[in-house]
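Numbers restart at 1 for each chain; the letters A, B, ... are given by sequence-line order, proteins then strands. Hydrogens, waters and symmetry mates are skipped; everything else that's a heavy atom, side chains included, is used. These numbers were taken from a predicted model, which means no experiment stands behind them.
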Number of protein chains: 2
Amino acid sequence: MAPANFMTGVAELMVLRLVKDREMYGYEIVAAIREETGAVVRAGEGVIYPVLHGLEKDGALAASRKTVNGRSRIYYRLTPKGLRRLDGLAQDWTALAGAVDTVLKGRRHAPAL
Amino acid sequence: MAPANFMTGVAELMVLRLVKDREMYGYEIVAAIREETGAVVRAGEGVIYPVLHGLEKDGALAASRKTVNGRSRIYYRLTPKGLRRLDGLAQDWTALAGAVDTVLKGRRHAPAL
DNA sequence: TCCCTATACCTCGAGCATCTAGGTATCGTA
DNA sequence: TACGATACCTAGATGCTCGAGGTATAGGGA
C-alpha cells in the first residue's frame with residue numbers, strides 16, 4: 001500500500017500563503033515550498049502550475065509577465081478574492097488539524113476550546 | 001471553486017487510530033468520527049467501508065462477525081502490521097501539519113534574489 | 001398489522017486533485 | 001557546443017473522496 005498523501009488542498013493553501021507576502025513566479029514557488037517545508041511537502045511543477053492557472057482563472061491570483069536577467073517569468077500576486085480564499089482555507093486547515101489531533105491523542109472528553 | 005477537502009488519507013488515519021483502543025464496527029466508527037471531531041470531519045459510510053475493506057485486505061485490520069442485540073456487526077481490530085501503518089501515518093501527518101504551520105506563520109523569510 | 005426510524009452492512013459512478021513523465025525554450029559556463 | 005539550471009507547460013493515469021443509491025433487521029407507535 002502506497003503512503004497516503006494528505007496533500008489534497010495543501011498545495012493551493014501554500015501557494016496562496018506564499019504570494020500573500022510578495023509577488024512570486026511558479027518556479028520560485030516550487031522551490032520555496034520544497035525549502036520551507038524541509039522537503040516534507042514535495043509539490044512539483046506538475047502540481048503547482050495547474051494550481052496557479054486555476055487560481056488565476058478563478059480571480060484569486062493576478063498574473064503579470066516580466067523579464068528578469070533575460071528570463072521570462074510570470075509573477076502572481078494575491079487579489080482580494082484570493083485573500084478571502086486564503087483566509088477560508090487557513091481556517092479549514094486549522095479546524096481539521098485540531099480535529100485530527102484530538103483523535104490522535106485520544107482525548108474523548110476534552111472540550112475543544 | 002469548491003472548498004478544498006484536505007481529507008485525503010485522514011479517514012484511514014482516523015480509522016486506524018480508533019480501532020487501536022478497542023474493537024469497533026463500521027457504523028460505530030462513522031459515528032465516532034463525526035462526534036469526536038465535532039462534525040469537522042464528515043467521513044460517511046461511503047468513505048469508511050471501502051477504507052475498512054482495503055485495510056483488512058492489506059492485513060492492517062482483522063475482522064470478526066458478531067451478533068449483538070440481534071444485530072450482525074463486523075468488528076475490526078488492529079494487527080501488528082496495522083499498528084506499524086498507524087505509526088507511520090501519524091508521523092507523516094505530524095510532519096505535514098508542522099510544515100503547513102511553518103508556511104502559514106511565515107517564519108524564515110529569505111530576502112528576494 | 002403496517003409503517004417509520006434507527007441500525008448495519010454494502011457498492012457504484014462521478015468528480016477532482018495529485019503525480020509521473022514527458023515536452024519546449026533560454027541563459028550562463030566550461 | 002554541450003550541458004545544467006532556469007522557467008514555462010500539458011497529458012494521462014491513478015487514487016481517494018463523496019453522494020446516492022441498495023439490502024436487511026429490530027423496535028416502537030398508530
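- A salt bridge links B:R22 to B:E28: at least one charged side-chain nitrogen sits closer than 4.0 Å to a carboxylate oxygen.
- Within 4.0 Å (heavy atoms only), B:G26 reaches sugar-phosphate atoms of the nucleic acid but no base atom.
- In this structure B:Y75 satisfies the side chain to side chain donor-acceptor pair (under 3.5 Å) test together with B:R73, sequence neighbours excluded.
- Remark: A:I74 CD1 to A:K66 NZ distance equals 12.0 Å, nearest 0.5 Å.
- The CG-C1' distance, from A:N69 to C:dG28, rounds to 11 Å in whole Å.
- For B:A95, the side chain to side chain contact (heavy atoms under 4.5 Å, CB included) criterion is met by A:V40, not counting sequence neighbours.
- Distance CZ (A:R42) to C1' (C:dC19): 10 Å, rounded to an integer number of Å.
- The side chain to side chain contact (heavy atoms under 4.5 Å, CB included) search around A:R71 returns none, not counting sequence neighbours.
- With distances taken from any side-chain atom of B:Y49 to the nucleotides D:dT10, C:dA8, D:dC18, the minimum falls on C:dA8.
- Residue contacts for B:G46: at a heavy-atom cut-off of 4.0 Å it reaches a base atom on one of the strands shown.
- Between B:M14 atom CE and D:dC16 atom P there is a gap of 17 Å when expressed in whole angstrom units.
- In this structure, the CG atom of B:L55 is 10 Å from the P atom of D:dC16, given to the nearest Å.
- The separation between B:L52 atom CG and C:dC10 atom P is 8 Å, rounded to whole Å.
- Residues of residues 27-35 of chain B that place a heavy atom closer than 4.0 Å to DNA chain C, in numerical order, are B:Y27.
- For A:H53 and D:dT10, the shortest distance from a side-chain N or O to OP1 or OP2 is below 4.0 Å.
- In this structure, the CD atom of A:E45 is 14 Å from the P atom of C:dC19, given to the nearest Å.
- Atom CD of A:E56 and atom P of D:dC8 are 12 Å apart (whole Å).
- Under the rule for a side chain to side chain contact (heavy atoms under 4.5 Å, CB included), the partners of B:I29 that lie at least two apart in sequence or sit in another chain are B:V15, B:L18, B:V19, B:M24, B:I33, B:I48, B:L52.
- When each of D:dC18, D:dT6, C:dT18 is scored by its nearest atom to the side-chain atoms of A:R73, the top-ranked nucleotide is D:dT6.
- Shown here are the side chain to side chain donor-acceptor pair (under 3.5 Å) partners of B:K20, two or more places apart in sequence or in another chain: there are none.
- At a threshold of 4.0 angstrom between heavy atoms, the contacts of A:R71 include nucleobase atoms, whether or not backbone atoms are also involved.
- Between A:Y25 atom OH and C:dA25 atom P there is a gap of 21 Å when expressed in whole angstrom units.
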